[in-house]
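Reading through the structure tokens given below for one structure.
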Number of protein chains: 2
Amino acid sequence: MISPAPKSVPEPTLRRLPLYHRFLKDLAAAGRETVSCTDIGAVLGQDPSQIRKDLEAAGIAGRPRIGYILGDMIEGLESFLGWKNTTEAFLVGAGSMGSALLGYRKFEQCGLKIVAAFDQDPDKVGRKIHGKQVLPLIKLPGLARRMHILIGIITVPGEGAQQVTDLMVEGGIRAIWNFAPVHLKVPDAVIVHNEDLYCSLATLSQKLAQTLGAGGRPIQKRATAAVARAHVTA
Amino acid sequence: MISPAPKSVPEPTLRRLPLYHRFLKDLAAAGRETVSCTDIGAVLGQDPSQIRKDLEAAGIAGRPRIGYILGDMIEGLESFLGWKNTTEAFLVGAGSMGSALLGYRKFEQCGLKIVAAFDQDPDKVGRKIHGKQVLPLIKLPGLARRMHILIGIITVPGEGAQQVTDLMVEGGIRAIWNFAPVHLKVPDAVIVHNEDLYCSLATLSQKLAQTLGAGGRPIQKRATAAVARAHVTA
DNA sequence: TAGATTGTTAATCGATTAACAATC
DNA sequence: TAGATTGTTAATCGATTAACAATC
């Protein structure tokens, strides 16, 4: 063996750590000082063993019989998740989804600062959304390079996504958070993280279909008229 | 053995099926009539074996030497994913994320029809967003029951999410698509599908940190001034 | 026929769960 | 001390990947 193995943290673990963090903040706010994995698991509905494994992966240690010290744990999670230092990001697509993300102030507490938005539409360029400038798309590669931007967020409709991707890659962006329902082609050095709501929806409806099973009510009465009525009496 | 095993489809498979569907539609539009798993895998960057397994799980059969017939495959996917019949849904939280989702017309092609929005804010109630009425939150349980609504979408800030959940459960909703960054407490019979962007972001930043590794540029120059300049010359 | 591709079974890999000794 | 909880190893489970016979 040459190197001591990079010890990459499993993705499921990574997705759970912020969940723990959130719960711990609540506990801390309520004045608690220690927690056990059993406590966390009971509330979050997860196996205590798994939580111990996750925390170990994040380099957080507890004390037998005591549990974990809340303060240390929160600290540990934040520094492991990289929430202590900020990475700047560009967002492309100042539509409704883009605007929503620009308004998520808590991203900054998670180390992500969206510093500018871009759009092709001249009507949108020049405006400010949640305090962030909307710039012409064509300026992205140059600015990204100059500012050493590493993260790009894509919230354009599917059709434009590949073109935006190419501009991001040209600008030296290394990680793309893709909200467009398209498979993006990128060089190996660039990471794509897809947030594909249609794929997500597929799992939701199938889970629903499964729990409804044979006992369910397969055909749904269309009662759209009821909505109109409800509005009148609102 | 009593029953022939429910044969539940693995979630990763479920998430991939819409990806295949999308690619196949493109191919069909381009006039192709058959595909092999190798073709799909090459474009989507996935193992052909896995694709074969996924299609088998969806009950889609091909022909040795020929591959799969595009038309059959698209048909098969759509009916397996339940995209042929529509399920009506309520959305709560007419903020920016809620508005974005209300504007996603393609949800309807995936069997999801958002028939009404709800909000607690009197300023929002009574308005229409993307053609959908915004109703007072308090009306949700009654209407949901009357209309036999099975799916609820939560796009309120974290603080209000549990209260909204309780109303949905009261209204007989069986599946919740939760965009609020909170762990929701629900009875066993209700499914929660979390779309937690903060958890998702955690995996993105960690993947980035890993690829940058030691060779990366850890400290990012703050060049916010450059954005302002770019705007001036826009 | 020969060759490509499916269908299907086996091997591998990784994550979750269980078990239990160490320990404060 | 006794008991609760971690740390850590082992067992289980499930998904991915590989292999190969069946087949058009």
Side-chain angles (χ1 to χ4, degrees), chain A residues 5-17 19-20 23-24 27 32-74 76-77 80 199 202-203 206-207 210, chain B residues 5-17 19-20 23-24 27 32-74 76-77 80 199 202-203 206-207 210:
Chain A
K7 196 183 71 155
S8 95
V9 177
E11 185 161 327
T13 294
L14 242 17
R15 293 188 78 93
R16 283 189 298 261
L17 294 177
L19 257 37
Y20 304 153
F23 174 60
L24 298 173
L27 278 188
R32 273 279 286 277
E33 300 200 332
T34 59
V35 245
S36 73
C37 290
T38 323
D39 296 336
I40 304 175
V43 175
L44 264 37
Q46 259 151 5
D47 189 304
S49 264
Q50 181 172 74
I51 297 173
R52 246 175 282 143
K53 269 266 169 72
D54 287 346
L55 293 176
E56 199 210 331
I60 293 165
R63 295 195 208 159
R65 151 98 201 166
I66 308 291
Y68 298 81
I69 311 295
L70 260 186
D72 296 356
M73 209 168 166
I74 292 174
L77 283 172
F80 179 79
C199 294
T203 79
Q206 149 94 19
K207 279 193 227 163
Q210 206 159 305
Chain B
K7 195 184 71 155
S8 94
V9 177
E11 184 159 326
T13 294
L14 241 16
R15 293 189 78 93
R16 284 188 298 262
L17 294 176
L19 258 37
Y20 304 152
F23 173 59
L24 298 172
L27 279 189
R32 273 278 287 277
E33 300 202 332
T34 61
V35 244
S36 74
C37 292
T38 324
D39 296 335
I40 304 176
V43 175
L44 263 37
Q46 260 151 6
D47 189 304
S49 263
Q50 182 171 76
I51 297 173
R52 246 175 283 142
K53 269 266 169 72
D54 288 345
L55 293 176
E56 199 210 331
I60 293 165
R63 295 196 210 158
R65 150 98 205 171
I66 309 289
Y68 297 81
I69 311 294
L70 260 184
D72 295 358
M73 209 168 167
I74 292 175
L77 283 171
F80 179 79
C199 295
T203 79
Q206 149 94 21
K207 277 192 227 163
Q210 205 158 308

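Bear in mind the structure is a predicted one, so any value in this text is a computation, not a measurement. Chain A is the first sequence line, chain B the second, and so forth, proteins listed ahead of strands; every chain is numbered from 1.
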| field | Atom pair distance, as rounded to whole Å: CG in B/Asp54 and P in C/dG7 | value | 13 Å
| query | How far apart are the closest heavy atoms of A/Phe23 and A/Ile40, and which atoms are they? | reply | CE2-CA, 3.7 Å
| query | If only side-chain N and O atoms of B/Arg16 are considered, is one of them under 4.0 Å from the OP1 or OP2 phosphate oxygen of D/dT16? | reply | yes
| note | In whole angstroms, the gap separating P of D/dT5 from CE of A/Met73 amounts to 14 Å
| note | Applying the Watson-Crick and G-U criteria (both distances under 3.5 angstrom) with [ ] for crossing and | for other-strand pairs, one obtains for DNA chain D ..||||||||||||||||||||||
| Atom pair OG1 (B/Thr203) and CZ (A/Arg16), whose distance is rounded to the nearest 0.5 Å | 12.5 Å
| request: For residues A/Asp54 and A/Leu17, report the shortest heavy-atom separation together with the two atoms involved. | output: O-CD2, 4.0 Å
| Considering residues at least two apart in sequence or located in another chain, which fulfil the salt bridge (Lys or Arg N to Asp or Glu O under 4.0 Å) criterion with A/Arg15? | none
| remark: Closest heavy-atom pair, B/Leu44 versus B/Leu19, reported as atoms and distance to 0.1 Å, is CD2-O, 3.9 Å
| Whole-Å gap separating C1' (D/dA15) and CD (B/Glu56) | 14 Å
| query | So do B/Met73 and B/Tyr20 actually touch side chain to side chain, heavy atoms under 4.5 Å? | reply | no
| field | Toward the 5' end of DNA chain C, by each residue's nearest nucleotide, A/Glu11 or B/Ala61 | value | B/Ala61
| field | Side-chain heavy-atom pair A/Glu11, B/Gln206 within 4.5 angstrom cut-off | value | no
| Heavy atom of residues 45-53 of chain A under 4.0 Å from DNA chain D: which residues? | A/Arg52, A/Lys53
| request: Look up atom CG in A/Asp72 and atom CG in A/Leu77, then write down how far apart they are to the nearest 0.5 Å. | output: 11.0 Å
| remark: Heavy-atom closest pair (A/Ala57 atom, A/Phe80 atom, distance to 0.1 Å) is O-CE1, 3.8 Å
| task | Identify the two heavy atoms, one from A/Gly76 and one from A/Ile60, that lie closest to each other, and give their separation to 0.1 Å. | result | C-CD1, 3.8 Å
| note | Closest non-hydrogen atoms of B/Pro48 and B/Cys37, given as atom of the first, atom of the second and distance, are O-CB, 3.7 Å
| field | Any side-chain heavy-atom pair of A/Leu27 and A/Leu70 under 4.5 Å | value | yes
| said: Under 4.0 Å, heavy atom to any atom of DNA chain C: which of residues 35-44 of chain A qualify? | reply: none
Nucleotides 21-24 of chain D: which of its N/O atoms have a protein N/O under 3.5 Å away?
none

| said: I need the full list of salt bridge (charged side-chain N to carboxylate O under 4.0 Å, His left out) pairs touching residues 38-48 of chain B, with sequence neighbours left out, sorted by first then second residue. | reply: B/Arg32-B/Asp39
